[in-house]
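The structure under discussion appears below in the form of structure tokens.
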Amino acid sequence: MEIYVVRPGDSVDSIARALDANVELLIYDNQLVYPYELAVGQALLVNGYAGEADRAAAVSGYAYPFISPWVLEQTLPFLTELRVFSYGFTEEGALLPPNLGDDAWMIAEAVRFDAMPILTLTPFGPDGNFNNRLIHSVVNNEAYTANLIRNLLDAMGEKGYVGVDIDFEYILAEDRDAFSDFVRQVAEAMREEGYQTSVALAPKTSADQEGLLYQGKDYRALGEAADHVLLMTYEWGYTYGPPMAVAPINQVRRVVEYALTEIPASKIDLGIPNYGYDWPLPYERGVTKAATINNVQAVRIAVEQGAEIRFDDVAESPYFKYTADGVAHEVWFEDVRSLSAKFSLMEEYGLRGCGYWQIMQWFRANWLLLRDRFYIRKE
């Protein structure tokens, strides 16, 4: 496969002729919308040949129960694991099912496509946000921990899940060791019944990194306890932050390099964002709120606004600016160039695979590029 960056005066027909590519396939693979207008600087995936991938990768993707059945069906052939988001729990360890829809159909679809259905466990409070009080209660009480593990195992058997993904965030620094021990207990109980355990890790660059996101997670202890981990290498650019790349490769690399000092590469999955942000300008901290957009939508905005897409060589991420209704905007998103850089990082360090937050939107070029670079592991 080849990546082509659109130049002034290009059209899908002229690009197809120049690259001896099938124009219909060029349109289909890049989800172009009739009349197939292009943005200068837009990166196109040219499906000139099917690569013979010589390296396997485990690929996971998070999804809510309200995902489009069509999107899920299209995505599952590319997944090793489908992580259903999410189950919660009470302070006493009672398990709470997803409150945004029934997960049974997702499990059945995962099995149909030979992907592993994974129960994602999150400490969401009544307001729908991460609640470290719930974490503190369960990980510091043996009875509550045992209760939650028992309920998780019951759900595995009843629902057909084959593993659990522990996605706890904002863990108190004082609960660091208790959380690591909690993950160890969960993993041991799961292994005894033939299930697997993974844990999501905030993107640390040092063991003593300050901040509520980082202090409660001990990379080495969690890497030893779990079967594998996901580095949440995204959200540098986020809803309430200043405009910047969501997953700048220079920052992602720093996280991977630190993680490898604590956890074997064979246990590490690289987190990849399947979205971007559109910020109104000027940015004002505490006031400005970016709109979350998908990657295909980002390109459509650039086309409709006549914006030129640029590429930041340090972050290895695309961005553009435009003005609508008198308001200036700045957009950062992912394209096949930024994704290719992340896949190269996986290859460079021999990582186990990657995990997507999230797969609610269909980005065909991403999956074709991934399949060209890796053989998707089905376990």
Side-chain angles (χ1 to χ4, degrees), residues 1-51 59 61 63 67-79 245-247 272-278 291-312 316-324 329-343 356 358-373:
M1 291 188 182
E2 180 179 349
I3 296 174
Y4 179 83
V5 180
V6 175
R7 302 174 182 138
D10 278 342
S11 68
V12 290
D13 290 316
S14 68
I15 293 169
R17 284 194 301 270
L19 300 178
D20 193 25
N22 181 292
V23 67
E24 286 81 11
L25 199 58
L26 185 66
I27 292 167
Y28 181 76
D29 288 347
N30 293 282
Q31 295 171 266
L32 304 181
V33 177
Y34 184 81
Y36 314 129
E37 298 170 291
L38 302 172
V40 174
Q42 177 180 352
L44 298 173
L45 187 68
V46 183
N47 189 18
Y49 63 93
V59 183
I67 186 173
S68 158
W70 181 86
V71 170
L72 186 61
E73 183 178 52
Q74 295 296 307
T75 308
L76 279 170
F78 301 94
L79 295 184
V246 177
I272 297 179
N274 185 35
Y275 61 93
Y277 287 112
D278 182 336
T292 304
I293 57 175
N294 66 57
N295 297 311
V296 176
Q297 182 184 5
V299 173
R300 289 302 308 156
I301 293 171
V303 169
E304 292 166 359
Q305 298 296 330
E308 178 179 350
I309 297 173
R310 301 184 181 277
F311 193 76
D312 186 290
E316 293 198 43
S317 295
Y319 70 99
F320 62 91
K321 297 181 180 181
Y322 71 96
T323 299
H329 291 255
E330 185 169 336
V331 175
W332 289 80
F333 63 106
E334 300 291 324
D335 68 5
V336 285
R337 293 170 293 181
S338 62
L339 291 165
S340 182
K342 294 170 178 61
F343 297 155
Y356 286 82
Q358 33 57 23
I359 60 166
M360 302 297 286
Q361 301 86 26
W362 175 239
F363 185 18
R364 182 178 293 108
N366 163 77
W367 301 108
L368 295 177
L369 181 63
L370 177 71
R371 187 175 62 186
D372 187 64
R373 300 284 291 270

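Index from 1, following the sequence.
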> Going through the checks in order, is the ring-ring contact (aromatic ring centres under 6.0 Å, His included) test met by Tyr277 and Trp332?
Replying inline: CA-CA 6 Å; Tyr277 287 112; Trp332 289 80; over 10 Å; no

> Where do Val336 and Met1 land on the side-chain contact (heavy atoms from CB on, under 4.5 Å) test, with the steps shown first?
Replying inline: CA-CA 11 Å; Val336 285; Met1 291 188 182; over 6 Å; no

> Would Ile272 and Phe343 satisfy side-chain contact (heavy atoms from CB on, under 4.5 Å), going step by step from the backbone distance to the final call?
Replying inline: CA-CA 10 Å; Ile272 297 179; Phe343 297 155; 3.7 Å; yes

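Here the side chains of Asn47 and Asn22 are not in contact, with every heavy-atom distance at 4.5 Å or above. Inter-residue side-chain proximity for Val246 and Ser317 is flagged as unmet; no heavy-atom pair is nearer than 4.5 Å. No side-chain heavy atom of Leu369 sits under 4.5 Å from any side-chain heavy atom of Phe363. Under the 4.5 Å side-chain criterion, counting only non-hydrogen atoms from C-beta, Ile301 is in contact with Ile293. The shortest distance between side-chain heavy atoms of Glu308 and Pro8 does not fall below 4.5 Å. Counting heavy atoms from C-beta outward, Leu44 and Leu32 have side chains that approach closer than 4.5 Å. Counting heavy atoms from C-beta outward, Val331 and Gln305 have side chains that stay 4.5 Å or more apart. Contact annotation: the side chain of Gln297 never approaches that of Gln361 to less than 4.5 Å [non-hydrogen atoms, C-beta and beyond].
When atom types are taken as modelled, the side chain of Gln31 and the backbone of Trp362 share a donor-acceptor pair closer than 3.5 angstrom. Here the side chain of Asn294 pairs a donor or acceptor atom with the backbone of Val296 at under 3.5 angstrom. One N or O on the side chain of Asn30 and one on the backbone of Leu45 form a donor-acceptor pair closer than 3.5 Å. Side chain of Thr75 to main chain of Val71: a donor-acceptor pair is present (N/O by atom type, distance under 3.5 Å, no hydrogens or angles). Checking side-chain atoms of Asp335 against main-chain N and O of Ser338 turns up a donor-acceptor pair under 3.5 Å. The backbone N or O of Leu368 lies less than 3.5 Å from no partner atom in the side chain of Asp372, so there is not a single donor-acceptor pair. A distance-only check finds a donor-acceptor pair linking the side chain of Gln358 to the backbone of Met360 [under 3.5 Å].
Here the closest non-hydrogen pair linking Arg373 and Ser340 is NH1-OG, 3.0 Å. Across all their heavy atoms, Pro273 and Asn295 have their closest contact at O-ND2, 4.5 Å. Between Ala63 and Ile359, the shortest heavy-atom contact is CB-CG1, 3.7 Å. Closest of all the heavy-atom pairs between Val46 and Ala21 is CG1-CB, 3.7 Å. Contact between Ile3 and Ala43 at its shortest, heavy atoms only, is CG2-CB, 4.2 Å. Nearest heavy atom pair, residue Val303 against residue Ala39, reads CG2-N, 3.7 Å.
Between Tyr356 and Trp367, the ring planes are tilted. Angles from 30° to 60° get that label.
Residue Gln42 holds its CD atom at 14.0 Å from CZ of Phe311, rounded to the nearest 0.5 Å. Interatomic distance, Lys342 NZ to Leu370 CG, rounded to the nearest 0.5 Å: 13.0 Å.
Both tests pass for Arg364 against the ring of Tyr28: distance under 6.0 Å to the centre and angle within 45° of the axis.
Partner of Asp29 under the side-chain contact (heavy atoms from CB on, under 4.5 Å) criterion, out of Ile27, Leu26, Leu25: Leu25 alone.
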